[in-house]
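This report concerns only the one structure given below.
Quick caveat, the model's predicted, so the values are computed rather than measured.
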Number of protein chains: 2
Amino acid sequence: MGRTSTAKEKLISSAIELIGTRSYNAVGVQELCDHSGVKKGSFYHFFPSKRDLTLEALDAMWNMFKNETLDPVFNSDISPVDKFNAIAVKSYEHQSSTKDCIGCVTGCGIGNLALELSTQDEIIRQKIEQIFEQWAQYFEDVIVDAINDGDLSVDTDPRSTSQAILAYVEGVSLMGKTFNDPNMISRLSEGMAQICISKKKTAAGERM
Amino acid sequence: MGRTSTAKEKLISSAIELIGTRSYNAVGVQELCDHSGVKKGSFYHFFPSKRDLTLEALDAMWNMFKNETLDPVFNSDISPVDKFNAIAVKSYEHQSSTKDCIGCVTGCGIGNLALELSTQDEIIRQKIEQIFEQWAQYFEDVIVDAINDGDLSVDTDPRSTSQAILAYVEGVSLMGKTFNDPNMISRLSEGMAQICISKKKTAAGERM
DNA sequence: ATATTATTTTACCAACTAGTCAACTATAAG
DNA sequence: CTTATAGTTGACTAGTTGGTAAAATAATAT
């Protein structure tokens with residue numbers, strides 16, 4: 001009943017675009033509305049607050065990333081290494097085309113919000129924590145596979161290793177954004193592979 | 001001539017504290033002044049803008065980190081691995097005591113500003129890029145030492161490896177802040193060591 | 001002791017912030 | 001066609017933002 005609207009969806013994609021390329025605090029409700037062609041009264045008809053929009057934008061970002069990147073790669077029938085490589089290639093291509101398009105590397109929209117808001121908004125922090133846990137789960141599953149296939153040492157701890165890989169992915173994004181250089185991302189796959197290598201195998205002889 | 005003042009120093013340390021635990025855009029000039037016990041007119045006597053304060057705060061953060069953490073560790077006469085371990089331990093201790101003190105893990109103040117402002121303020125982005133380059137240089141030097149000592153494969157590319165380690169350090173900080181858990185940082189040393197391990201068969205040293 | 005200069009203070013600004021509200025309008029369902 | 005309801009609109013807060021201008025004050029070098 002009543003009339004229908006696309007305002008909510010438009011606001012969410014504007015939030016992804018504007019907050020994603022700048023920051024939460026640098027983008028105001030008014031700008032979000034102008035960019036969406038929505039009046040401020042409508043904004044507050046659909047969202048109790050700017051924070052609630054951001055929470056929904058975070059969900060949308062994560063779903064897009066899952067559907068367009070994670071699921072296609074991790075559901076495909078390729079080797080664990082190739083899965084990491086595929087993620088690295090997709091990440092590079094994404095940052096690279098963003099740079100071509102708007103002139104700057106924007107990094108990971110989720111990681112950006114994580115650093116900006118984790119100490120300021122507990123609800124948003126928890127949402128991002130959940131997203132990161134799901135994201136790391138993709139890595140963990142493939143690490144378990146690799147251990148079972150004998151491609152990785154049985155000494156590898158899947159959980160902490162998957163978190164380390166996610167940390168590395170986020171760190172590389174941060175470097176790419178800071179240097180405004182997509183090429184920073186091209187080292188991603190090599191580093192991910194190295195993090196997987198269990199230390200214990202070399203404990204006897206080598207120092208590092 | 002004229003009178004002397006500590007206002008500038010007080011403003012810089014307030015900036016490090018307040019912007020470091022929240023964010024650039026979340027902390028206003030007025031709050032910086034109140035926290036320093038300095039009037040706004042004095043603020044603009046010493047700094048042309050909030051951005052200029054931030055630039056000086058960034059310098060101060062980097063110098064503190066160098067003097068208190070990097071130099072003591074990297075100038076000491078311990079093995080490369082132990083140097084990485086020492087950095088990891090100091091990072092953990094710092095985040096841990098911050099959490100005890102103010103209730104949250106704040107991560108790396110420089111990395112926080114990097115993600116918040118890199119796409120918005122080119123001058124600040126460049127300053128952080130320079131800091132990261134100096135920081136990576138510490139890692140690069142020790143990697144070269146390790147190669148010369150035979151502790152690391154001669155195939156290791158010191159430059160890209162040092163950047164990868166810095167990426168990992170920043171990524172781990174990001175995870176620690178997002179999960180609000182200093183224990184995230186304790187995996188730091190293991191990951192750093194693994195990133196150093198060169199895959200001996202890699203074709204050529206890719207650029208970063 | 002004075003002139004010089006660095007610093008402090010107060011009051012101010014225009015633009016912007018997130019958020020509110022009540023009147024208005026379009027529409028889908030009965 | 002009516003009515004209930006979902007969505008739209010524009011005007012409006014109250015507080016904050018970064019930044020300015022000029023007068024007042026304190027210290028220092030001469």
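- A salt bridge is absent between A/Glu17 and A/Arg22; no separation between the charged side-chain nitrogens and carboxylate oxygens falls under 4.0 Å.
- Using modelled atom types and a 3.5 Å distance limit, the side chains of A/Gln130 and A/Gln126 yield no donor-acceptor pair.
- For B/Phe179, the ring-ring contact (aromatic ring centres under 6.0 Å, His included) test picks out no residue, with sequence neighbours left out.
- To the nearest 0.5 Å, the span separating CE on B/Met175 from OG on B/Ser173 amounts to 11.5 Å.
- Identified under the salt bridge (Lys or Arg N to Asp or Glu O under 4.0 Å) test for residues 56-74 of chain B, with sequence neighbours left out: B/Lys8-B/Glu56, B/Asp59-B/Lys127.
- Checked against ring-ring contact (aromatic ring centres under 6.0 Å, His included), B/Tyr138 has the following partners two or more places apart in sequence or in another chain: B/Phe74.
- In this view, A/Phe47 and A/Phe43 satisfy the ring-ring contact (aromatic ring centres under 6.0 Å, His included) rule, not counting sequence neighbours.
- Interface limits on DNA chain D: the 5'-most and 3'-most nucleotides within less than 4.0 Å of chain A heavy atoms are D/dT5 to D/dG10.
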Once base and sugar-phosphate atoms are separated, protein heavy atoms under 4.0 Å mark nucleotides 17-27 of chain C, 5' to 3', with B, S and - as -BBBB---BSB
